[in-house]
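The chains referred to below are lettered A, B, ... by the order of the sequence lines, with proteins before strands, and numbering in each begins at 1.
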Amino acid sequence: MSAVTTRSGATVPTKRTFSFGRWFHATGWRHLVGLVLIVFSLFPLLYVLSASLNPVGSLTGSNALFSNIGFGAYERLFNDPSQPFGAWFINTMVIAFVTAVLTVFMGALAAYSFSRMRFAGRRFGLMTIVLVQMFPQLLAVVAIFLLMNTISDWFPAIGINTHIGVIMVYLGGALGVNTYLMYGFFNTVPKDIDEAAKIDGASHARIFFTIILRLVAPILAVVGLLSFITTTNEFVVASIVLIDPEKQTLAVGLYKLISNPNYADWGAFSAGAIIAALPVTILFLFLQKYIVGGLTAGAVK
Amino acid sequence: MTPTNTDPEVVVSPRQKKAARLAEAASGGLKIILLKIVLLGIVDAIAVYALFVLVLKDEWLVAAIVAVVTLVVNWIYFSHRAIPAKYLTPGLIFLLIFQVFVIAYTGYIGFTNYGTGHNSDKDQAVQALMSSARERVPDSVTYRVTVVESLEGLGLLVTDPDGEVSVGTATSPLTEVDNAEIDSNVAVSVPGYTSLSFQDVLQRQGEVFDLEVPVSDDPNDGVLRTGDGSSANIYLSSLIYDEQADTMTDAETGVVYSDSGTGAFTSESGEELLPGWRITVGFDNFARAFGEESIRGPLINVTIWTIMFALLSVASTFLLGMFLAIVFNDKRMKGRKFYRIIMILPYAFPAFLSALVWAGMLNERFGFVNEVLFGGADIPWLTDPVLAKISILVVNLWLGFPYMFLVATGALQSISDDVVEAATVDGAKPWQVFRLIKLPLVLVTMAPILISSFAFNFNNFNLIYMLTGGGPRDTSAGINVGATDILISMVYKVAFTGQFRDYGLASAFTIIIFILVAVIAVVSFRKTKMLEDLN
C-alpha cells in the first residue's frame, strides 16, 4: 500500500477508531484501482512529453524518460522547410474554427425550427438526421474526391487543394448528430418565453437571435467544441483534398512526418504532437463539465 | 394576435393569418431587411457568376440546377411563409450536396470502371492518347504566333506563312479571323482575346509550353506547339484516329486498336492502349468483389474483423468505463475529482495523435514497450496479424474508456436513491442491486450511446490507419489489404493508395458497406425503439 492512499485514507471521517481493514474494504481498494488507472492513462502522454523534450530524435533515444531535457526537437520542428509545421497548425486552427462556427450556426438554425415550429416533414427530417449519423460522410470519400475534382475544373478557388473546399465538405455534416443534440437542449427551454416575446411583437428571427441563442449558449459551446475536435482529428477528407504540404492540416502533416517510424524524426513529431494537442486539450479540460452534460443530453432525456 | 397563430394544428381565420403576417413584417426592422437584401445579393451575385462559368463550360444541367436552387432560395427568404425553410435551407444545401448527392454518386461510380487509366470520357482519352504519341514533324513550316488569353484559357494567335491569321485555344481548334491587328506582318492582337506580353509569357512558361492548339476538328491534323511564345510548329501523332471505324492505328507498327466495349482501345491480341475512358460496367465490380477468390477472401475477412472490432471495442470500453464509474461513484471516497481529470486526459488528447504515439511505443525494434517493459524483446505488436488486432483493441480501449466512464457516471447518478434504498430494505445484496436494478436502468439510458459508439468504431478509420496502416499486408490478396484493415480503410486504400486507383471497385465496396450498415441500423433501432422517442 502506498503512502498516498493511506494518507488520504486517514482522513476518512469515521467515528470509530481507524481500522485499515475496514477502510480498505470501503474505499481503499478504489484508490488501488485508481493508481493502476493513472499509470494506464497517463503513461503514453508522459512518454510523448518526454520524447518531445529529448533533443535526440530517434525512437530508441526517447525510451529513457526525461533523461535528457532540451528544446532541440522543437527547434527542428519549426526550422525544416520540408515540414511546414507552422502552416499545418494555422491551417488546422482556421479550418476547424470556421467549420465549428458555421456548423453551430447552421445546426442551431435547424434545431430551432425543429424544436419550435410544426411543419410537414418535420418528423421525417428529424429521423433523417438520426439516420444520417449511421452513414458517415467518410464512406462516400471516393465520390467526395471526384466531386471536388469536378468542382475544381469549374471553380478552382473552391475545389481540390483549397481550404474552402475542405470546409464545405465538412459542412455537409452540419445537420447531423449536432442538430440532434441541440434539438434536445432547445426543447428544455420553456416555450412560454418565446410566446411572451411573440405577444410583444417580436419576429421569429428576433426571438431566435436575441432570446433563444443566449439561453442555449452552453450547448452551442459544447457542439462547437466537439465539432472543432472532430475537424482537428479528421484525416481522410483532408488527405485527399489538400495536396500541397503548406496547405495540409496537422493530422495529414504529422502522419506523413511519422509514416515510417523507423526513420522518422520522433522527437520533432512528439514536439509537434504536444503543440497540436495543447489548444484542444486545454479547451476540453476547461469545458469538460459542459461537454459531459452535452454528451448525455441527447441520450438521457 | 395569439401566440399559437403560426401553429397549423390550430385552426386560424384568414384575418388572423394576415394580422400575424403584418406583425411579423412590422417587427423585422429596417436594418434586418437591409441585411437580408445584402446577404441575398451576395448569394445571387455568386450564383450569377457560377452560371456564367458553367454555361461557358457547356455544363447546362448543373447550370440549370444552380439557377433553380438560387430562385428557390430567393423565394424562401423573400416570402413571408415558409418560415421553417428559412432555418433549414443553409444546412440542407450542404447536406444535399455533400452527403446525399455523394452517396448517390457513389452508387453510380460503383457501376463504372472509374479509376487510374479510366478517368475521363472517350474524347478526352483520344486526345490524351494522341497527345502522348505526338512528335514534331521534321522540317515543317514555322508559324509566327502571339500567345493570347481568353475565358477558355491560353490560346495562340497564328500568322501562317501566307499571311492568313487564325486563332485557337486548347479546347477550340484554329479558326480564321480577319479583324486582327497586324504589326510587321505578324498578328499581335485580336478582339475578344488579351495578348500576353513577353514578361507574362516568361512568368507562365510552363503553361505556354504545355499549350496545344488543334489545327482542325480532326485530331489527325495535329496540333501547334510553341517553344518560345513567338513561333510554333506542327506536331503530329504516331497514332491515327479513324473516327468512322472508331479505331486507333499505330502508324509505325500498323497495329489496329479498336473500341471493343471495355473502355479502352484494344488490339486483337488483347493489348490495351491507356488511358482509356470511363464506361458503365454494370455489376462487374460486384462480380469481382464476390467472384474473384483473391478479393472475396479478404473482403469476407475484413467484414468479419470490422464487426468484431466494433463489437469488442464497444464491449471493452463499456465494461471498463462502467467498472470505473462504479468504483469512483462512492461518495465516501476522497480525491474523486482528481482521478476523474486524469481519466479524461486520454479522451481530451486528439485521437489521431494518440494513435501515432502508440504506434511509436509499440514499434517492434525501438518502441518503448519492447525496449523497456519487455527488456529488449522483439515482440511484433503491430506486424503479427493476431498481435496487431490485440494491440488495436488495447489502444482503442485506452482511447474510448473515458467517454464510457463519463457517460456511465452520468447514468448512475441519475438513478434515484429511493430505488436503491427500497431494494436494500427488501434485503437485496449490493451485487443484486447492481445486477437487477442499476445495470438495466443504466443500459436503457446508454443504449443509444452504445449504438452510436458501435457505428463510430465501425468506421474508425483514424485508429486503424494511424496505428497499423491496416497491416500486416495480406500478400495473397488481389488488392492492397492487410490483417487489421476494416472496411472503410480498405476502401480508402483501394481508391487512394498504391499505383492503381480503382474508384469503381472501392465504390462497390462502399455500397456493400452501406447495405451492411443499413441492416445493422434497422435492427438496432427496432430493438431500442430510439426513433419512436422523437416527437
Side-chain angles (χ1 to χ4, degrees), chain A residues 8 26-27 30 33-34 38 41 44-45 47-48 59-60 63 106 109-110 112-113 117-119 126-127 132 134-140 142-144 147 154 169 171-172 174-175 195 198-199 201-204 232-233 235-236 240 251 258 261 266 273 277 280-281 284-285 288 292 296 299-300, chain B residues 3 7 9 23-24 27-28 53 83-84 87-88 90-91 94-95 98-99 102-103 105-106 327 330 332-335 339 342-346 348-353 356-357 360 363 366 368 371-372 406-407 410 445 448-449 455 459 461-462 488 495-496 503 506-507 510 513 517 521 531 534:
Chain A
S8 55
T27 63
R30 297 172 199 267
V33 174
I38 288 174
S41 300
L45 302 178
Y47 170 78
V48 71
L59 257 181
T60 330
N63 285 339
M106 295 203 259
L109 285 173
Y112 176 63
S113 72
M117 297 165 196
R118 294 291 176 270
F119 51 93
L126 271 171
M127 273 171 130
V132 160
M134 301 294 292
F135 299 91
Q137 232 187 350
L138 195 61
L139 283 174
V142 175
I144 288 176
L147 172 68
W154 303 330
V169 177
L171 289 183
L175 296 196
E195 282 172 6
K198 237 184 233 173
I199 292 171
S203 70
H204 58 88
T232 312
N233 273 314
F235 176 84
V236 178
I240 56 163
I258 206 79
W266 188 251
V280 177
T281 311
F284 195 98
L285 291 180
Q288 50 123 344
V292 175
T296 44
V300 188
Chain B
D7 196 333
E9 283 157 14
E24 188 80 50
S27 70
V53 174
I83 293 171
Y87 288 85
L88 287 169
F94 285 100
L95 180 84
F98 291 103
Q99 293 249 28
V102 291
I103 288 173
Y105 193 37
T106 305
V327 169
D330 189 315
R332 290 169 298 177
M333 188 182 170
K334 291 273 163 182
Y339 286 118
I342 300 279
M343 242 185 292
I344 291 174
L345 277 175
F349 200 72
F352 80 94
L353 289 171
L356 291 174
V357 169
N363 183 286
F366 314 111
F368 186 89
E371 279 265 292
V372 181
L406 292 173
V407 180
T445 38
I449 292 211
N459 296 302
F461 175 91
N462 273 18
I488 183 71
F496 297 111
Y503 302 137
S507 297
T510 307
I513 303 176
V517 173
L531 288 179
L534 294 174

Where B:Y339 and A:G34 come nearest, the two heavy atoms and their spacing: CE2-CA, 3.6 Å
Taking all non-hydrogen atoms of both residues into account, name the closest pair between A:R30 and B:V327 and its distance. NH1-O, 2.7 Å
Interchain contact, A:L139 with chain B, by part (heavy-atom threshold 4.5 Å): both
Any chance you could measure B:F94, atom CZ, to A:M106, atom CE, to the nearest 0.5 Å? 4.5 Å
In terms of heavy-atom proximity below 4.5 Å to chain A, should B:I513 be classed as side chain, backbone, both, or neither? side chain
Name the region of B:V372, side chain, backbone, both or neither, that has any atom closer than 4.5 Å to a heavy atom of chain A. side chain
Supply the atom-to-atom distance B:N363 CG to A:W266 CH2, rounded to the nearest 0.5 angstrom. 8.0 Å
Heavy-atom distances under 4.5 Å only: say whether A:A174 touches chain B with side chain, backbone, both or neither. neither
Assert top hit (heavy-atom pairs under 4.5 Å, partner chain A, pool B:V53, B:N459, B:L356) equals B:L356
Compare all side-chain heavy atoms of B:I344 with those of A:S41 and state whether any distance is below 4.5 angstrom. no
Angle between ring planes, B:F496 versus B:Y503, binned at 30° and 60°: parallel, tilted or perpendicular? tilted
Given the options A:T232, A:V48, A:I144, A:I240, which has more heavy-atom pairs under 4.5 Å with chain B than any of the others? A:I240
Which portion of A:Y112 sits near chain B, non-hydrogen atoms under 4.5 angstrom: side chain
Which atoms of B:N462 are under 4.5 Å from chain A, going by heavy atoms: the side chain, the backbone, both sets, or neither? side chain
Within the 4.5 Å heavy-atom criterion, are B:T106 and A:V142 side-chain neighbours or not? no
Does any backbone or side-chain atom of B:F368 lie under 4.5 Å from a heavy atom of chain A? Answer side chain, backbone, both or neither. both
Please state whether the side chain, the backbone, both or neither of B:L95 comes within less than 4.5 Å of a heavy atom of chain A. both
